[in-house]
*Asks:* 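The structure is given below, and queries will be raised subsequently.
Values reported hereafter were calculated over all heavy atoms of this structure, with side chains retained and with hydrogens, waters and symmetry mates removed.
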Amino acid sequence: MEEIIVYPSKTRLITVLVAVVVLIAFLVVLDRLSTNPVNPVLWLFIAAPCLVPITISIYHLIKNRPCMFINDESIVVNSKKPWEVRFADVESFYPVGYRGFNLIGIRYKKESPYWKPDEEIEEGRKERMLTSEHPGASYEIPAGRLSIKMHQLLVILNERVGK
């Protein structure tokens, strides 16, 4: 099979960008319709925080860095520190919800060096999610805000495990 490259979803970034621009436009229209215009220094305090999400959204739209690479042998999660899951070590992938995050859980085969009981995996989830370099490694794959739906990704991953 061919290699699949998964990118972040652009929908959320564009939504944030549009929402902030609409907010600024709304404030400008209110100011223009007002009999007492807002002091320009106050506009600086209103505009500065709005520039942060605009700048971040534009940066991520231009950057377009892949989130993961899926081939016949493994999946590489491209976080700050990329990490790999070999399909030969995996029994199955399953959906996990944790504090509003959509994750794909990894259930390893008992003979794998990564195997742990499900209870132990659940207990360590909070600590793994706080690791900013590679959140979830090696037991959960962050699956929110991707260019592919989590269910489709689960199907693809479980098909690759079955080979």
*Asks:* Please tabulate, for side-chain N and O atoms in residues 144-155, each donor-acceptor pair with protein atoms closer than 3.5 Å (sequence neighbours left out).
*Replies:*
| unit_1 | atom_1 | unit_2 | atom_2 | d |
| --- | --- | --- | --- | --- |
| S147 | OG | Y7 | N | 3.2 |
| S147 | OG | Y7 | O | 3.0 |
| Q152 | OE1 | K149 | N | 3.2 |

*Asks:* Might you point out which heavy atoms bring R160 and E2 nearest each other, and give the distance in Å?
*Replies:* NH2-O, 3.3 Å
*Asks:* Would you check, one step at a time, whether the test side chain to side chain contact (heavy atoms under 4.5 Å, CB included) holds for N78 with R65?
*Replies:* CA-CA 9 Å; N78 196 21; R65 180 176 177 235; 3.1 Å; yes
*Asks:* Ignoring hydrogens and angles, tell me if any N or O in the side chain of K110 forms a donor-acceptor pair with the backbone of W115 under 3.5 Å.
*Replies:* no
*Asks:* Where do K116 and Y139 come nearest, in terms of heavy atoms and distance?
*Replies:*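 Minimum heavy-atom contact is CE-OH, 3.4 Å.
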*Asks:* Give me the atom names and distance for the closest heavy-atom approach of S74 to E84.
*Replies:* OG-OE2, 2.6 Å
*Asks:* Under 4.5 Å between side-chain heavy atoms, hopping through other hydrophobics if needed: is there a path connecting I4 to I104?
*Replies:*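 In one cluster with I4: I104, yes.
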*Asks:* For S9, give me all partners under side chain to side chain contact (heavy atoms under 4.5 Å, CB included), at least two apart in sequence or on another chain.
*Replies:*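 Scan of S9 (side chain to side chain contact (heavy atoms under 4.5 Å, CB included), adjacent residues dropped) gives T11.
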*Asks:* Can you hop from V6 to W83 via hydrophobic side chains spaced under 4.5 Å?
*Replies:*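 The answer is yes; both residues are in one hydrophobic cluster.
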*Asks:* Would you name the heavy atoms of I5 and P66 that are closest together and state the gap between them?
*Replies:* CG2-CB, 3.6 Å
*Asks:* For the side chain of R86 and the backbone of E73, is there at least one donor-acceptor N/O pair under 3.5 Å apart?
*Replies:*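 Side chain of R86 to backbone of E73: no pair is present.
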*Asks:* Going by heavy atoms in the side chains, are V161 and E91 under 4.5 Å from each other?
*Replies:*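 V161 vs E91: side chains apart.
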*Asks:* Does D89 use its side chain to pair, donor to acceptor, with the backbone of Y108 at less than 3.5 Å?
*Replies:*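 Flag not set: sc D89 to bb Y108 has no pair under 3.5 Å.
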*Asks:* Near Y114 OH, under 6.0 Å, is it more than 12 heavy atoms from other residues, nucleotides or ligands?
*Replies:*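 No, because the 6.0 Å sphere around OH of Y114 holds 12 heavy atoms or fewer from other groups.
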*Asks:* Within 45 degrees of the axis of the six-membered ring of F93 and under 6.0 Å from its centre: does R107 put its NZ or CZ there?
*Replies:* no
*Asks:* Just wondering, do L157 and I75 contact through their side chains at under 4.5 Å, heavy atoms?
*Replies:* yes
*Asks:* Looking at every heavy atom in both F87 and I70, which two are closest together, and how far apart are they?
*Replies:* CZ-CG2, 4.0 Å
*Asks:* Mind checking whether S92 and N158 have side chains closer than 4.5 Å, heavy atoms only?
*Replies:*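 Answer yes - side chains close enough.
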